[in-house]
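Within every chain, numbering begins at 1; the chains are lettered A, B, ... in the order of the sequence lines, protein sequences first and strands thereafter. Every heavy atom of this structure was used, including side-chain atoms; hydrogens, water molecules and symmetry mates were not.
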Number of protein chains: 2
Amino acid sequence: MRITAEAKLETRQRILEAARKLFCDKGFAGTTTRDIATEASIATGTMFNYFPGKEHLALAIIDISLETAYGEFVESGREGESLEEALFAHIAIGLRHLRPHRGYLGDVVETTLSPFNLSTGADESENLRVRHLETVQGLIEKHTSPSTPRPSAVTMHLYWTLYLGVLAFWAKDASPNQEDTLVLLDQALRLFVGSLNANPKTVEISHDP
Amino acid sequence: MRITAEAKLETRQRILEAARKLFCDKGFAGTTTRDIATEASIATGTMFNYFPGKEHLALAIIDISLETAYGEFVESGREGESLEEALFAHIAIGLRHLRPHRGYLGDVVETTLSPFNLSTGADESENLRVRHLETVQGLIEKHTSPSTPRPSAVTMHLYWTLYLGVLAFWAKDASPNQEDTLVLLDQALRLFVGSLNANPKTVEISHDP
DNA sequence: AAATTTATATGAACATGATCATATTTTCCT
DNA sequence: AGGAAAATATGATCATGTTCATATAAATTT
């Protein structure tokens, strides 16, 4: 039982590594699940015993990078800076760790992290989003006065929207070292942080549907 | 030649109508291109002579609705209201026209309108986004003082991001009549409009990459 | 250790979006 | 009108993500 359990993990690792290599090399669309199986020395259908599908595989890779990035963020101590700077660092460090996956990030994010997908239940993409949002919520609470109302679900949706927008921009950013992304990130975060204190004026719901 | 050219258009219409019906009925993923072909009384491959792919077909349907919506917006005279209200009306009227397609809007938007896709060139999705952004830019220019700087590409990206976020929220909004979406829309637009006047502080690009 | 049960790997088969050589129809030329 | 050339329709075929009955191996029981 010991040997086998380890072998399972090893196979899982082998699949992840094969996928990572191929995705980086030939992109997400350019890599077939058969390619991955071959590279990982398993049968065509076996990877589906380890991951629900190709996209989840890619997401798992992204997830690992972001987990590492989070560790680095915590280590850096930059969560102690101003809210805006802490959020900036959180995202920027994430981007740095996502660099190797920039080429195919779009394919993953657009179909898996998109807010349109909100909800096949407790799968891996949920985890990633929820974890990120909990971190952000924690930072907000840490940096605002206790009187400030907890950010609403709508507000957090807004944050996630902005975050995906930044990721999207970054994935396509042709400026050297993706500097332009930092401008966008700065602008987006200033918007967001600014909105936290603004008291929400009531919206009349008699408008258009 | 006359009769045939009309027949072409008629076939195109038949495909669009078949797709619209099936998408509304069984969703985007639940409808196969073969279903559409059958419903439209054409061969399996024929629809690919009229549309580059299944998604473009869905996008064309969305596009028609939004074109109609734009007409109604212009008629309504609400572009004369405050910038925030004009933008609100522009989007809200769009949502009203997209209602029949709410069930499958996500599948289309996420893969076709997502900012990740920025650029297979001048295809239909480009058109939709560009048209929408031009309208918005027009509204901004109309409502701000000539001294206000033209919104940058980054700013417009931010707008598009927020717009997609609203669409995503709306597509899943379970509140009666999707009222919650209007709250989000209001919040998002207040953010955006507010940002137009704020002078962008320079961002030091020495930060993380 | 043999037998049984359970978990896992396998690759053939399936579903479906898309392609493409071929057949059919339309348009153009004389 | 008759035939050549171009445009269009067709459906068999392909590519690929995913499933599933079956085979194989591991764990458990006797």
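The closest donor-acceptor contact from the side chain of B/His90 to the backbone of B/Glu79 lies at 3.5 Å or more, if one exists at all. Under the 3.5 Å distance criterion, the side-chain polar atoms of A/His143 are matched with a main-chain donor or acceptor of A/Glu81. A donor-acceptor pair is defined here as one N or O able to donate and one able to accept, closer than 3.5 Å; no such pair exists between the side chain of B/Lys172 and the backbone of B/Gly106.
Taking a cutoff of 4.0 Å between a charged side-chain nitrogen and a carboxylate oxygen, A/Glu134 and A/Arg131 do not qualify as a salt bridge. Salt bridge absent: A/Glu85 and A/Arg78 never bring a charged side-chain N and a carboxylate O closer than 4.0 Å.
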For nucleotides 10-22 of chain C, just jot down a letter per nucleotide in 5' to 3' order: B, S or -, based on protein non-hydrogen atoms under 4.0 Å.
BB-B--BBBB---

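In this structure, the CZ atom of A/Phe51 is 12 Å from the P atom of C/dA9, given to the nearest Å. Spacing between atom NZ of A/Lys26 and atom C1' of D/dA15 amounts to 13 Å, rounded to whole angstrom units. Following rounding to the nearest Å, B/Arg12 (CZ) and D/dT8 (P) show an atom-to-atom distance of 13 Å.
A/Asp35 and A/Thr32 share a side-chain donor-acceptor pair at under 3.5 Å. In this model, no donor atom of one side chain and acceptor atom of the other lie less than 3.5 Å apart for B/Ser65 and B/Thr68.
Applying the 4.0 Å criterion to OP1 and OP2 of D/dA9, one finds that B/Tyr50 has a side-chain N or O inside that range.
For the pair B/Tyr50/B/Lys8, a side-chain contact is recorded, criterion being any heavy-atom separation below 4.5 Å from C-beta on.
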Give me the distances for all protein-to-nucleotides 5-7 of chain C N/O pairs that come in under 3.5 Å?
none

